[in-house]
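Structure, as structure tokens:
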Amino acid sequence: VEIQPLNLVVDTAVDELDGNFTIGDLSLREAIFLTSINQGPDTIRFSPTINGQIINLQQFGNFVGGQFQVLGELKLTGPVTIIGNGTANTSSDGFFGGRIFDIGGTPGDNFDVTLQNMTLQGATSGFTLNQQGGFFFFDPAAQPEGGGAIRWRSSGALTLDNMLIRNNGTLGAHAHGGALFAKSGNVIIRNSSISGNSTGFNQNQYGGEGVGGGIYLGTASLTILNSSITNNFTQGRTAHGGGIYISNGAANIMQSTIAGNRTFGFGSQGAGIYINQGTLLGSHTAIAHNVTQGINGKGGGIFSLHGAV
């Protein structure tokens with residue numbers, strides 16, 4: 001049986017999954033649901049009729065047909081390309097209710113995803129939503145790896161092209177990657193800005209060892225081209241890597257800017273970039289005005305523990 005790729009057009013900014021996929025009523029969540037039941041490499045675009053309308057994710061849920069429906073984050077389970085109409089026209093806001101995209105995570109996942117020409121903002125991960133007496137509340141004790149806007153756990157390639165990823169964060173100790181948690185595979189960031197993202201709720205609560213204010217790199221390889229990683233920060237004890245934290249992966253940064261990132265808290269190191277056991281290559285890249293704050297804070301620009309630069 002020949003697999004036919006889907007070419008879908010999102011034409012409502014309402015976040016819903018009500019089973020109505022007709023023209024004029026296809027949400028981003030519904031388009032992603034349709035790709036999840038199709039095996040082909042699919043493409044999602046956005047109608048210009050919703051340019052400038054922010055897609056506020058209703059992760060806590062909403063009422064569908066008189067019934068309350070918990071929606072959660074947007075889960076990508078197969079190859080897909082999502083193309084917006086520009087960072088000023090296509091925006092998804094986590095509404096401070098959870099991360100935006102959770103990609104992969106099933107053992108053996110090996111597929112590619114491209115996100116292009118979009119803004120991702122206002123997302124917060126590192127907690128679960130529990131329902132007691134009809135109310136939802138934050139549970140900072142839950143620490144699902146992190147990734148404020150994006151959690152990437154496929155062995156394939158994630159491409160972020162002309163993206164603005166701003167003002168996202170994580171809560172919880174060990175909730176890493178304020179904008180992006182990249183566990184494995186290959187990540188390519190080009191012509192993009194990752195700014196104002198953070199780990200940790202404050203310096204004393206829920207933030208200890210939440211590393212990688214902008215990006216957390218596990219065993220993945222990372223290429224950054226013509227992009228900026230700016231004004232991201234970590235909070236809490238030994239919360240390293242205000243801009244980028246490299247655990248065991250390899251990063252190659254070219255023609256980019258790493259600036260204005262910070263670490264706060266005791267022993268927090270590597271405000272711009274922290275390298276644990278990975279490798280860093282850089283060319284034609286400015287690393288400037290990154291600052292560590294707190295007792296035993298070291299490495300304003302770059303701190304390498306056992307890594308290679």
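The shown structure was predicted, so the numbers you read here are calculated from the model rather than taken from an experiment. Atoms considered below: every heavy atom in the structure, side chains included; atoms not considered: hydrogens, waters and symmetry mates.
- Within 6.0 Å of atom CD1 in Ile37, more than 12 heavy atoms from other residues, nucleotides or ligands are found, so the atom counts as buried in its surroundings.
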What's the verdict on side chain to side chain contact (heavy atoms under 4.5 Å, CB included) for Arg29 and Leu57, showing C-alpha distance, side-chain angles and the deciding distance? CA-CA 9 Å; Arg29 186 177 299 274; Leu57 298 185; 4.2 Å; yes
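- The backbone N or O of Gly147 sits less than 3.5 Å from a side-chain atom of Arg99, completing a donor-acceptor pair.
- Proximity of a side-chain donor or acceptor of Asn231 to a complementary backbone N or O of Asn261 within less than 3.5 Å is not detected.
- Of the possible donor and acceptor atoms, none in the side chain of Arg237 sits under 3.5 Å from a partner among the backbone N and O of Gly265.
- Residues Ile273 and Val309 fail the side-chain proximity criterion, which asks for heavy atoms closer than 4.5 Å.
- Within the 4.5 Å cutoff, no side-chain heavy atoms of Asp112 are placed close to those of Thr159.
- Between Ile150 and Leu160, some side-chain heavy-atom pair lies under the 4.5 Å cut-off.
- Considering CG of Leu225 and OG of Ser283, their distance stands at 9.0 Å, rounded to 0.5 Å.
- Not a single donor-acceptor pair under 3.5 Å links the side chain of Thr22 to the backbone N or O of Asp25.
- A donor-acceptor pair is defined here as one N or O able to donate and one able to accept, closer than 3.5 Å; no such pair exists between the side chain of Trp152 and the backbone of Lys183.
- Taking the side chain as every heavy atom from C-beta outward, Leu120 and Phe101 approach each other to under 4.5 Å.
- Taking 4.5 Å as the limit, every side-chain heavy atom of His176 sits out of range of all side-chain heavy atoms of Thr199.
- Remark: Phe303 CZ to Ile275 CD1 distance equals 10.0 Å, nearest 0.5 Å.
- Using a distance-only test at 3.5 Å, with no hydrogens or angles considered, no donor-acceptor pair links the side chain of His289 to the main chain of Gly260.
- The shortest distance between side-chain heavy atoms of Thr292 and Ser268 does not fall below 4.5 Å.
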Working for side chain to side chain contact (heavy atoms under 4.5 Å, CB included), residues Phe46 and Leu28: CA-CA 9 Å; Phe46 296 80; Leu28 175 58; 3.9 Å; yes
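- Note that CE of Met163 and OG1 of Thr114 are 10.5 Å apart. Values are rounded to the nearest 0.5 Å.
- How far CD1 of Ile194 is from CD1 of Ile165: 4.5 Å, rounded to the nearest 0.5 Å.
- Checked by atom type and distance alone, the side chain of Asn110 pairs as donor or acceptor with a backbone atom of Gly156 at under 3.5 Å.
- In this structure, the side chains of Asp18 and Glu30 come closer than 4.5 Å at one or more pairs of heavy atoms.
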Go through the steps to decide whether Thr106 and Thr77 satisfy the test side chain to side chain contact (heavy atoms under 4.5 Å, CB included), and finish with yes or no. CA-CA 8 Å; Thr106 301; Thr77 59; over 6 Å; no
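- Between the side chain of Ser184 and the backbone N or O of Ser154 there is at least one donor-acceptor pair closer than 3.5 Å.
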Apply the test side chain to side chain contact (heavy atoms under 4.5 Å, CB included) to residues Leu71 and Asp15: give CA-CA distance (whole Å), side-chain angles for both, the deciding distance (0.1 Å), then the verdict. CA-CA 9 Å; Leu71 296 176; Asp15 184 28; 3.8 Å; yes
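- Put simply, the side chain of Asp11 never gets that close to the backbone of Ser47: no donor and acceptor are under 3.5 Å apart.
- Ser221 pairs in a side-chain hydrogen bond (donor to acceptor under 3.5 Å, both in side chains) with only one of the listed residues (Thr279, Asn252, Asn186), which is Asn186.
- Distance check: Ile224 CD1 to Gln255 CD gives 13.0 Å after rounding to the nearest 0.5 Å.
- The environment of CD in Gln53 is crowded: more than 12 heavy-atom neighbours from other residues, nucleotides or ligands sit within 6.0 Å.
- Only one option out of Asn167, Asp93, Asn168, Asn197 pairs with Gln121 in a side-chain hydrogen bond (donor to acceptor under 3.5 Å, both in side chains); it is Asp93.
- When the shell of 6.0 Å around CZ of Arg45 is examined, it contains 12 or fewer heavy atoms from other residues, nucleotides or ligands.
- Evaluation of the salt bridge (charged side-chain N to carboxylate O under 4.0 Å, His left out) test over residues 76-87, restricted to residues two or more places apart or in two chains, returns none.
- Considering only heavy atoms from C-beta on, Ile189 comes within 4.5 Å of Ile215 through its side chain.
- The backbone N or O of Thr230 sits nowhere less than 3.5 Å from a side-chain atom of Ser228 that would complete a donor-acceptor pair.
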Does Asn162 form a side-chain hydrogen bond (donor to acceptor under 3.5 Å, both in side chains) with Asn191? I'd like the steps, not just the answer. CA-CA 5 Å; Asn162 191 32; Asn191 307 316; over 6 Å; no
